[in-house]
Protein chains: 2
Amino acid sequence: MATIKDVSKLAGVSVATVSRYLNKNGYVSKEAAATISAVIDKLNYRPNNIARSLAGMKTATIGLMVPDILNPFFPELARSIEDAANEYGYTVMLCNTDNDSLKEQKYIDTLLQKQVDGIIISSYTIEPEHLNGLQKQSIPVVLMDNVFSNDSVVSFTVENRRGGELAVEHLLTQGCSKIAHICGPLTITSSRERTAGFEDASRRTDWFTPSLIGYSDFTVNGGYSTMKELLALHPNLDGVFASNDLMAAGALKALQEAGKRVPRDVKVIGFDGIGLEMITPELSTIAQPIYELGKTAMDSLVGLIRKEPDIVTDRVFPVTLIAKQSTMNE
Amino acid sequence: MATIKDVSKLAGVSVATVSRYLNKNGYVSKEAAATISAVIDKLNYRPNNIARSLAGMKTATIGLMVPDILNPFFPELARSIEDAANEYGYTVMLCNTDNDSLKEQKYIDTLLQKQVDGIIISSYTIEPEHLNGLQKQSIPVVLMDNVFSNDSVVSFTVENRRGGELAVEHLLTQGCSKIAHICGPLTITSSRERTAGFEDASRRTDWFTPSLIGYSDFTVNGGYSTMKELLALHPNLDGVFASNDLMAAGALKALQEAGKRVPRDVKVIGFDGIGLEMITPELSTIAQPIYELGKTAMDSLVGLIRKEPDIVTDRVFPVTLIAKQSTMNE
DNA sequence: CTGAAAGCGCTAACAG
DNA sequence: CTGTTAGCGCTTTCAG
């Protein structure tokens with residue numbers, strides 16, 4: 001492994017000159033540049049980033065904390081963030097926290113020790129006080145999908161509540177007259193908001209009754225069993241809004257097993273807009289602009305890192321209705 | 001940000017002692033340990049890992065290169081690797097290569113410069129010569145799913161060929177008498193092997209004909225359209241083996257659209273064993289032991305890093321048939 | 001335009 | 001059991 005010293009020696013210049021050449025800052029004569037370049041090629045020299053980091057106090061690495069990369073929402077987010085990070089020259093450390101506060105703390109610690117330049121956190125469970133360590137080190141943080149109203153942390157979400165409303169409105173438009181709702185964990189802010197949206201739109205109808213709301217957990221199997229319960233309670237329901245696509249898929253399964261035809265007998269809509277093309281009928285959904293969300297988070301984080309004055313902060317992204325087969329009138 | 005120096009000063013000992021205390025090597029008196037511990041708490045001191053890395057020549061970080069985290073196979077792999085890495089105290093840098101040779105090269109370079117302790121590569125496109133840089137730096141590498149027979153790189157795969165055979169055998173057992181095959185990209189070794197397995201088992205039957213093999217690309221949509229073509233060619237086929245689960249899901253969709261009932265009219269089996277519970281009917285598959293694969297890769301990488309003598313190398317993992325609804329006889 | 005030198009924060013001999 | 005010291009490889013003043 002050649003070092004900058006080797007290069008400087010062989011090129012007959014000082015390490016400072018090589019460093020200047022490498023970083024394209026400061027003056028380096030044409031001739032010097034040429035020989036240095038040649039020597040670098042010859043030695044196949046590559047700067048050691050660790051040393052660079054130690055000297056320059058920046059690592060060009062960011063941490064990405066997500067609950068669980070197995071949940072298909074997060075690969076999409078991770079991908080968009082990685083792409084954006086890549087363009088900025090950053091590398092991404094992936095951390096699965098499993099919504100486990102302890103793991104979260106541990107990872108924050110690790111990332112801090114590894115001197116990452118910033119962290120993007122998508123967490124259901126994180127609390128303002130968990131961020132104390134970060135605030136103290138004044139390391140840039142961007143939060144996804146979990147807003148601390150009282151707080152100064154930059155964060156991005158989508159119009160969850162409006163989305164829930166939109167879902168119901170769409171089902172109504174498609175002719176539904178008894179809509180059930182499969183809601184996600186009540187511990188999750190965005191989940192609660194989606195359910196609030198459902199209530200906003202359904203409270204003003206004559207068919208609404210609280211028992212149309214079933215409680216679940218954002219998983220396929222959860223959606224499946226909650227759907228079964230709902231079906232037992234309300235055999236004549238004709239529409240379902242699930243707070244995420246995974247549960248909607250589970251609901252679909254339960255409905256089909258119960259002999260209900262989707263969309264003819266019951267229409268189903270989910271939330272998130274993850275790519276679930278493998279499902280028949282294709283699932284209508286309230287889509288989040290996941291890619292944009294990730295990209296914006298990264299843009300904002302870089303702004304924070306570079307201490308740019310006017311970074312984007314606390315944006316709430318719009319959601320869009322994507323109508324597919326599962327809510328269609330044949 | 002307190003440093004080891006601050007701690008040593010305040011504790012009235014030398015940095016060496018603090019370092020010894022931190023690393024639990026060498027002797028530190030009970031009293032010294034106590035005061036150091038107190039000072040660390042008071043200062044909220046955390047060792048700077050970058051400095052540690054520079055001094056100790058190890059970063060406790062590994063790189064993970066995958067084609068695309070959006071393909072549901074890779075989150076599972078990534079998760080298992082991250083879990084294992086975590087246990088060993090390693091952090092994972094995630095790199096999406098998109099099967100793009102240039103991106104791969106670029107990432108290898110970046111990881112090298114960041115001085116990662118090792119790299120796990122899952123790539124369809126990587127060639128032995130791309131690994132030259134690594135070999136030269138003698139940095140540990142473990143390959144997944146892409147074996148260079150001629151080469152000395154540690155790599156793990158599964159019994160792809162046997163799996164293909166197994167799939168056909170299962171369909172035959174279930175009563176199929178005309179089985180089509182949706183094969184994946186021919187550029188991918190494991191894909192070719194699965195198809196070879198299909199041929200092994202089907203060549204010896206009387207119904208086999210080459211036009212029963214349709215060429216596709218490992219995606220849902222690819223499986224969908226290839227299935228349509230196969231159906232046009234062989235309307236009376238009664239079994240389908242797709243080289244991965246995503247294509248199998250696409251095939252299912254095409255079959256259902258064509259009015260075929262699965263499994264009654266046509267039975268379908270995939271490959272990989274990714275969690276696709278959202279599909280109805282549930283998909284039979286030839287499952288890879290993904291979690292174990294990732295775990296073993298990490299174990300092996302750590303063995304390489306630590307230069308342990310007897311590391312696991314070049315294992316071929318067995319696959320297992322998981323029979324679900326899609327190949328069931330009702 | 002260039003070089004010497006002082007760190008960045010930590011580890012690891014080595015000498016007490 | 002403890003302290004001194006020499007780096008790890010690079011960046012960055014600050015004089016030339």
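In what follows, chains carry the letters A, B, and so on, assigned in the order in which the sequence lines appear, proteins first and then strands, with residues in each chain numbered from 1. If you're wondering where the values come from, they're calculated on a predicted model, not measured in any experiment.
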side-chain N/O B:Tyr27 vs C:dG16 OP1/OP2, d < 4.0 Å: no
Whole-Å gap separating P (D:dG9) and CG (A:Leu22): 15 Å
Base C:dG9 paired with B:Arg46 side chain (donor-acceptor, <3.5 Å): no
Sugar-phosphate only, base, or nothing, as touched by A:Val18 at under 4.0 Å among non-hydrogen atoms: nothing
Flag for A:Asp145-A:Thr157: side-chain donor and acceptor within less than 3.5 Å: no
5' priority, DNA chain C, between B:Arg20 and A:Gly26 [closest heavy atom]: A:Gly26
Residue pair A:Met93, A:Leu111: steps toward the side chain to side chain contact (heavy atoms under 4.5 Å, CB included) verdict: CA-CA 8 Å; A:Met93 291 204 169; A:Leu111 293 175; 4.1 Å; yes
Side chain proximity check, B:Leu94 to B:Met65, heavy atoms < 4.5 angstrom: no
Nucleotide nearest A:Val28 when distance is taken to its side chain, options C:dG9, C:dT2, D:dC10: C:dT2
Euclidean distance, atom CZ of residue B:Arg52 to atom P of D:dG9 [Å, nearest integer]: 19 Å
Sub-4.5 Å side-chain heavy-atom contact between A:Glu292 and A:Arg315: yes
N or O in side chain of A:Ser29 less than 4.0 angstrom from C:dT2 OP1/OP2: yes
Below 4.0 Å: OP1/OP2 of C:dT11 and any side-chain N or O of B:Ser19: yes
Under 4.0 angstrom between B:Asn48 side-chain N/O and C:dC8 OP1 or OP2: no
Residue whose closest nucleotide on DNA chain D lies nearer the 5' end, B:Val13 versus B:Ala55: B:Val13
Rounded distance in Å - CD (A:Gln115) to P (C:dC8): 14 Å
B:Asn49 side-chain N/O to C:dC10 phosphate OP1/OP2 under 4.0 Å: no
Verdict with reasoning, A:Ser53 to A:Lys58, per side chain to side chain donor-acceptor pair (under 3.5 Å): CA-CA 5 Å; A:Ser53 298; A:Lys58 45 169 68 26; over 6 Å; no
Minimum-distance nucleotide (side-chain atoms of B:Ala51 versus D:dT11, C:dA13, C:dC10): C:dC10
Phosphate OP1/OP2 of D:dC10: any A:Tyr45 side-chain N/O under 4.0 Å: yes
Short side-chain N/O contact from B:Thr17 to OP1 or OP2 of D:dT2, under 4.0 Å: no
A:Thr3 side-chain N/O to D:dG9 phosphate OP1/OP2 under 4.0 Å: no
